Number of protein chains: 2
Amino acid sequence: MKYLLQDIRISVSDKIYLKDPESTELGKRIVEHGILLIDKIGFENFTFRKLGHEIKSNESSIYRYFENKHKFLVYITTWYWGWKEYQLVFATNSISDNYKKLEKAIEVITKPVEEDAEFGHINEISLSNIIINEFSKSFLTKEVDEENQDGYFSVYKRLVNRLKDMITAVNAEYPYPSSLASTIIEGTLHQHFLRDHFVSLTDCNASVTPSEYFIHMVESLVKK
Amino acid sequence: MKYLLQDIRISVSDKIYLKDPESTELGKRIVEHGILLIDKIGFENFTFRKLGHEIKSNESSIYRYFENKHKFLVYITTWYWGWKEYQLVFATNSISDNYKKLEKAIEVITKPVEEDAEFGHINEISLSNIIINEFSKSFLTKEVDEENQDGYFSVYKRLVNRLKDMITAVNAEYPYPSSLASTIIEGTLHQHFLRDHFVSLTDCNASVTPSEYFIHMVESLVKK
DNA sequence: ATATTAATGATAGTAACACTATTATTTAAC
DNA sequence: GTTAAATAATAGTGTTACTATCATTAATAT
């Protein structure tokens with residue numbers, strides 16, 4: 001399945017970038033190889049200088065697109081959640097039964113990216129690795145309130161809210177729909193991380209997916 | 001309630017520090033003011049130079065205790081989980097009913113630190129803020145597997161396992177006890193963070209605690 | 001009380017990071 | 001073919017993350 005990038009164009013505060021990286025070839029190369037490089041060496045070790053070297057461009061050119069690497073991380077993670085939101089809406093749209101809809105939503109959110117998933121210049125496998133390993137760092141900062149006010153996390157928040165609404169649609173009496181939605185989304189990332197690095201702290205493995213675990217949870221908690 | 005530090009002395013790989021900070025006055029001042037400074041300015045902005053200035057000591061002296069600030073973070077977070085483990089064991093020890101024991105365990109894990117909690121030189125309020133905002137950064141690194149092997153996270157893992165065992169004791173048929181235990185512990189931190197910065201993504205607030213949310217979850221999932 | 005040792009402090013130095021500014025060169029647009 | 005825009009190259013600044021060396025102070029042993 002191929003999408004056009006425009007189809008899921010994310011409406012995110014343009015404060016995130018100085019110049020739209022989708023508007024030029026260089027911009028796209030920055031995003032493409034930035035994702036690969038962060039996946040490879042980790043966000044802490046990632047620098048614009050190294051990225052410049054990687055794409056045979058110049059540090060100073062990258063700074064014309066993004067103020068700093070933190071904003072770059074916010075940009076690519078926002079892109080990811082916008083993409084997930086698109087998948088979520090697409091996959092659940094035609095389902096009329098509220099519980100089946102919720103189940104499908106969790107499936108979409110928790111399922112790992114397919115091996116060959118790549119459209120445009122974005123490698124979704126690398127990007128989803130980055131989400132698991134680095135997403136928390138985009139908001140665990142002293143500037144979070146300011147950036148939240150500037151709309152940096154609106155796409156992510158919208159996604160959590162969609163899930164919350166689906167939970168409430170199934171059972172309006174369940175008292176913690178927002179917490180459950182955020183637990184599922186953040187918890188999925190955490191379970192993936194544990195499966196990769198702390199196997200004793202999770203039941204998820206090659207045969208048991210976070211999907212099963214959270215669907216079972218939702219069934220017990222909100223199914224009527 | 002006052003404890004002696006020795007009582008909950010954490011048995012953690014001595015690879016975390018170069019010189020035991022509990023063994024000297026300077027070491028204790030490093031830990032004490034390091035915690036306060038990280039709470040104040042955030043881990044990213046924290047440096048040994050700034051800490052040295054704060055305690056009117058020298059950068060180079062701090063380096064004799066900790067190789068770098070990452071290891072310092074691992075040290076203080078390990079201390080925190082060791083302290084929580086102590087509280088957990090102490091509070092649940094005398095309870096014979098398995099479900100009540102589990103409930104109490106969750107209470108201990110999820111309840112915020114009391115205002116005046118401080119023993120020795122450690123300010124637990126600041127430390128628990130650090131756990132909420134910075135703990136993830138201690139393991140979301142490229143070195144996690146290596147450090148895990150070196151025992152850096154053993155205290156934390158032991159705590160998650162204790163909770164898992166309590167879950168299993170209540171209901172041996174529940175299929176995801178490890179995942180649930182890790183979800184509760186990590187999820188508590190996340191819900192606290194959301195309450196402070198993303199109120200729309202959680203149901204926790206001044207009157208609803210993460211404790212209630214997770215106890216309700218456990219009740220539905222594992223209570224027989 | 002003095003000599004020895006250990007702990008701490010002060011200073012300096014290095015390489016990398018996180019930028020900013022300036023100028024040169026290439027590419028695209030009119 | 002000229003002008004403007006984008007990119008590249010270079011250099012520079014202040015900070016970070018250390019390491020090394022040496023001086024000073026404090027503790028301990030004789």
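Chain naming here is simple, since letters A, B, ... match the order of the sequence lines and numbering starts at 1 in each. The structure presented is a predicted model; accordingly, all values stated were derived computationally and were not measured. Just the heavy atoms: all of them, side chains too, but no hydrogens, waters or symmetry mates, feed the values below.
- Across every non-hydrogen atom of A:Ala105 and A:Met166, the tightest pair is CB-SD, 3.4 Å.
- In this structure, CZ of A:Phe72 is placed 14 Å from P of C:dC19, rounded to the nearest angstrom.
- Pairs passing the salt bridge (Lys or Arg N to Asp or Glu O under 4.0 Å) check and including a residue from residues 146-157 of chain A, sequence neighbours excluded, read A:Lys15-A:Asp150.
- Qualifying salt bridge (charged side-chain N to carboxylate O under 4.0 Å, His left out) partners for B:Glu59, counting only residues two or more places apart in sequence or in other chains: B:Arg49.
- Every salt bridge (charged side-chain N to carboxylate O under 4.0 Å, His left out) that A:Glu44 has, sequence neighbours left out, goes to A:Lys137.
- Rounding to whole angstrom units, CG of residue B:Asn45 and C1' of C:dC17 are separated by 14 Å.
- Running 5' to 3' along DNA chain D, contacts with non-hydrogen atoms of chain B at under 4.0 Å begin and end at D:dT16 to D:dA20.
- Partners of B:Glu107 according to the salt bridge (charged side-chain N to carboxylate O under 4.0 Å, His left out) rule, which considers only residues two or more places apart in sequence or in another chain, are B:Lys104.
- Among residue pairs with one or both ends in residues 67-79 of chain B, those qualifying as salt bridge (Lys or Arg N to Asp or Glu O under 4.0 Å) are B:Glu67-B:Lys71; sequence neighbours excluded.
- Residues meeting the ring-ring contact (aromatic ring centres under 6.0 Å, His included) test with A:His70, sequence neighbours left out: none.
- DNA chain C is contacted by both A:Phe48 and B:Arg49; B:Arg49 maps to the nucleotide lying nearer its 5′ end (nearest heavy atom per residue).
- For residues 51-71 of chain A, proximity to DNA chain C is found at A:Glu59, A:Ser60, A:Tyr63, A:Glu67, A:Asn68, A:Lys69, defined as any non-hydrogen atom under 4.0 angstrom from a strand atom.
- Not counting sequence neighbours, A:Glu54 has no partner by the salt bridge (charged side-chain N to carboxylate O under 4.0 Å, His left out) test.
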